[in-house]
2 protein chains.
Amino acid sequence: MDNQGKQSKEQQILAAAEQEFLTKGYDGARTTSIAQAAGVTHAMLHYYFRTKEQLFERIVDEKFETISDSMFAIMGDPSLPIVERIKGGISAHFDFVAENPLLPRFVINEIISRPERYELLHKRIGDIIDNISNGLQSEIDHAAERGEMEKMDVKMLFISIMSLNIFTFLAYPFMKPLLGELMADRERFLAERKAENIETILRRIKKQ
Amino acid sequence: MDNQGKQSKEQQILAAAEQEFLTKGYDGARTTSIAQAAGVTHAMLHYYFRTKEQLFERIVDEKFETISDSMFAIMGDPSLPIVERIKGGISAHFDFVAENPLLPRFVINEIISRPERYELLHKRIGDIIDNISNGLQSEIDHAAERGEMEKMDVKMLFISIMSLNIFTFLAYPFMKPLLGELMADRERFLAERKAENIETILRRIKKQ
DNA sequence: TTCGAGTTTAACAAATATGTCTAACAAAAA
DNA sequence: TTTTTGTTAGACATATTTGTTAAACTCGAA
């Protein structure tokens with residue numbers, strides 16, 4: 001109970017901090033507000049994490065890990081035929097973003113406002129991109145030679161997939177009141193968007 | 001010189017405020033920093049705009065006007081055949097966002113963090129969407145009946161266009177170091193993205 | 001039981017940000 | 001010239017926010 005309670009306090013602060021930073025950003029977040037949401041005095045927050053900055057770093061590290069995973073999801077299952085593989089990759093990535101709808105905005109904001117911090121992230125993401133560029137690109141090239149799909153730059157393909165999947169969640173609060181009765185239900189709208197994104201990309205890579 | 005100088009001070013503050021708010025957001029912006037960038041004392045900022053909030057409102061109003069214009073641009077030239085019209089709409093919208101690359105992030109952030117303020121915007125954008133849904137949708141339906149293009153929900157089409165065009169600029173700081181030598185030149189990358197987005201949407205609406 | 005490490009609280013300190021006030025100043029009107 | 005209106009700078013006030021400190025408490029181990 002004590003050790004679990006100790007872990008728990010720290011975890012409570014982390015959970016409250018995650019929520020606050022993801023919704024309000026670094027500048028909008030308040031350490032007192034985080035402490036209050038976590039049910040501890042604000043001195044406790046400083047006791048465990050020293051400064052707001054260090055607490056933020058903890059959240060950032062955790063979230064960048066998640067981002068790496070999401071990019072990996074786009075790669076799809078290498079044992080499937082290429083078109084099925086891409087289809088599965090889009091679907092998995094869409095689901096990933098649906099599970100973490102606040103994440104893209106957070107990452108975009110933090111990278112734009114503090115570009116200097118992220119050499120590490122760039123290195124890690126860069127490795128993933130290189131994997132993709134090497135492995136998947138040659139597979140696409142071979143499939144294209146066999147006439148199974150259109151020849152295509154894999155980086156461009158990935159940007160398009162991320163655009164379609166991520167923007168849906170970035171702009172959802174903006175679009176929601178404009179969609180009309182048909183789309184008022186979030187689940188239904190997301191299902192239709194997912195299908196639409198898959199359709200759009202599959203047509204893009206279809207040999208014609 | 002005097003009257004023009006007076007106008008100029010207010011304009012200087014507005015220009016500095018626009019830059020500060022667009023890059024740092026409301027919470028990150030500092031009135032003293034805005035005043036300094038404008039070359040005036042911070043008392044002047046309060047003299048002209050009373051509060052940070054009111055100064056911010058001025059910028060928001062102006063930027064929402066721009067957003068409305070950008071959505072209108074997607075509609076394209078009604079005198080063109082439908083496929084050409086859509087192609088032109090994508091291109092015009094892409095150029096619009098390229099001219100205002102910081103705007104999407106600003107709007108998304110403000111809407112997420114202060115949803116209550118934007119009934120007015122929603123009404124205005126809602127009218128634009130209705131125009132589109134009525135006018136363009138029926139034109140698309142007719143073209144589809146004539147076999148000129150695929151039958152398609154115009155709202156879904158617009159979301160896809162906005163996704164592809166806007167995300168490019170939202171994520172550019174993130175992607176830039178990952179693109180490799182080929183894309184290192186911003187102008188070249190944007191030209192290729194624009195062509196790719198047009199190709200993607202045209203294939204989506206092409207009758208097959 | 002007493003010792004001590006780790007935990008917790010409340011009070012305090014310092015910095016920063018927004019906003020106000022007064023007095024000086026400039027330019028145009030009376 | 002005097003008055004009036006609007007502009008500007010500097011000092012001041014207030015509130016908020018982050019961060020510190022010292023003392024008290026908890027609980028297991030010696």
Side-chain angles (χ1 to χ4, degrees), chain A residues 1-63 106 109-110 113-114 116-117, chain B residues 1-63 106 109-110 113-114 116-117:
Chain A
M1 179 83 166
D2 35 306
N3 197 13
Q4 201 259 339
K6 165 194 152 194
Q7 286 284 5
S8 177
K9 285 245 156 149
E10 196 170 334
Q11 287 304 120
Q12 280 169 254
I13 295 171
L14 278 171
E18 176 178 327
Q19 173 68 15
E20 179 103 355
F21 283 131
L22 252 61
T23 53
K24 302 185 183 173
Y26 182 83
D27 291 318
R30 298 285 167 249
T31 54
T32 48
S33 164
I34 292 170
Q36 195 178 352
V40 303
T41 64
H42 90 273
M44 288 310 297
L45 182 149
H46 290 288
Y47 173 72
Y48 280 112
F49 300 99
R50 204 74 195 153
T51 65
K52 179 183 181 182
E53 184 75 22
Q54 281 182 48
L55 176 56
F56 185 69
E57 293 279 355
R58 282 285 293 271
I59 304 298
V60 165
D61 287 349
E62 183 190 315
K63 291 301 146 190
F106 177 75
N109 281 332
E110 288 316 314
S113 57
R114 313 193 177 199
E116 69 284 0
R117 193 196 318 220
Chain B
M1 178 81 166
D2 35 304
N3 196 16
Q4 200 259 341
K6 165 193 153 192
Q7 286 284 5
S8 177
K9 285 243 157 148
E10 197 170 333
Q11 287 305 121
Q12 281 169 255
I13 295 171
L14 278 171
E18 176 178 327
Q19 172 69 14
E20 179 103 355
F21 282 131
L22 252 61
T23 52
K24 302 184 184 174
Y26 181 83
D27 291 318
R30 298 285 167 247
T31 54
T32 47
S33 164
I34 292 170
Q36 196 179 349
V40 302
T41 64
H42 89 275
M44 289 308 298
L45 182 147
H46 288 288
Y47 174 73
Y48 280 112
F49 299 98
R50 205 70 197 154
T51 65
K52 179 184 182 181
E53 185 74 24
Q54 281 182 46
L55 176 57
F56 183 68
E57 292 280 353
R58 283 284 295 270
I59 304 298
V60 165
D61 288 349
E62 183 190 314
K63 290 302 146 191
F106 177 75
N109 281 331
E110 288 316 314
S113 57
R114 314 191 177 202
E116 70 284 1
R117 195 197 315 221

Contact check, residues 13-28 of chain B vs DNA chain C, heavy-atom distance under 4.0 Å, returns none
Can you measure B/Met44 atom CE to D/dG10 atom P for me and round it to whole angstrom units? 12 Å
Indicate yes or no: at least one non-hydrogen side-chain atom of B/Leu14 is less than 4.5 angstrom from one of B/Tyr48. no
Might you point out which heavy atoms bring A/Ala35 and A/Leu45 nearest each other, and give the distance in Å? N-CD1, 4.2 Å
Suppose we screen for side-chain hydrogen bond (donor to acceptor under 3.5 Å, both in side chains). Which residues come up paired with A/Lys63, at least two apart in sequence or across chains? A/Glu18
Considering only heavy atoms, which members of residues 53-62 of chain A lie under 4.0 Å from some atom of DNA chain C? none
Under the side-chain hydrogen bond (donor to acceptor under 3.5 Å, both in side chains) rule, collect the residues that match up with B/Glu57, sequence neighbours excluded. B/Arg117
Expected rows: protein N/O vs nucleotides 10-17 of chain C N/O, under 3.5 Å:
{"from": "C/dA17", "atom 1": "OP1", "to": "B/Arg30", "atom 2": "NE", "distance (Å)": "3.1"}

Out of curiosity, A/Leu55 CG to A/Arg50 CZ, how far, rounded to the nearest 0.5 Å? 14.0 Å
Of all the choices, D/dT20, C/dT8, D/dT8, which nucleotide is nearest to the side chain of A/His46 once you look at every atom? D/dT20
Looking only at heavy atoms, what is the nearest atom pair of A/Ile34 and A/Ala16, with distance? O-CB, 3.5 Å
Does A/Tyr48 have a side-chain nitrogen or oxygen under 4.0 Å from the phosphate oxygens OP1 or OP2 of C/dT8? yes
From CD of A/Glu10 across to P of C/dG6 the rounded distance in Å is 14 Å
Residue pair B/Glu53 / B/Tyr26: nearest heavy atoms and the distance that separates them: OE1-OH, 3.0 Å
Rounded to whole Å, please give me the gap between CG in B/Leu45 and C1' in C/dT20. 14 Å
Side chain of B/Tyr47 only, heavy atoms from C-beta on: which candidate in D/dG6, D/dG19, C/dG6 is closest? D/dG6
Counting C-beta onward and ignoring hydrogens, is there a side-chain heavy-atom pair between B/Glu10 and B/Arg58 closer than 4.5 Å? yes
Between CG of B/Asn109 and CG of A/Asn109, what distance do you get to the nearest 0.5 Å? 4.0 Å
Pair listing, side chain to side chain donor-acceptor pair (under 3.5 Å) test, anchored in residues 27-47 of chain B, at least two apart: B/Glu20-B/Ser33
Validate the cation-pi geometry between B/Lys52 and B/Phe21: distance from NZ or CZ to the six-membered ring centre under 6.0 Å, angle to the ring axis within 45°. no
Length of the line joining A/Gln36:CD and D/dT18:P, which is rounded to integer Å: 13 Å
Quick check: on DNA chain C, is the nucleotide nearest A/Val40 upstream (toward 5') of the one nearest B/Ser33, or the reverse? Name the residue that is more 5'. A/Val40
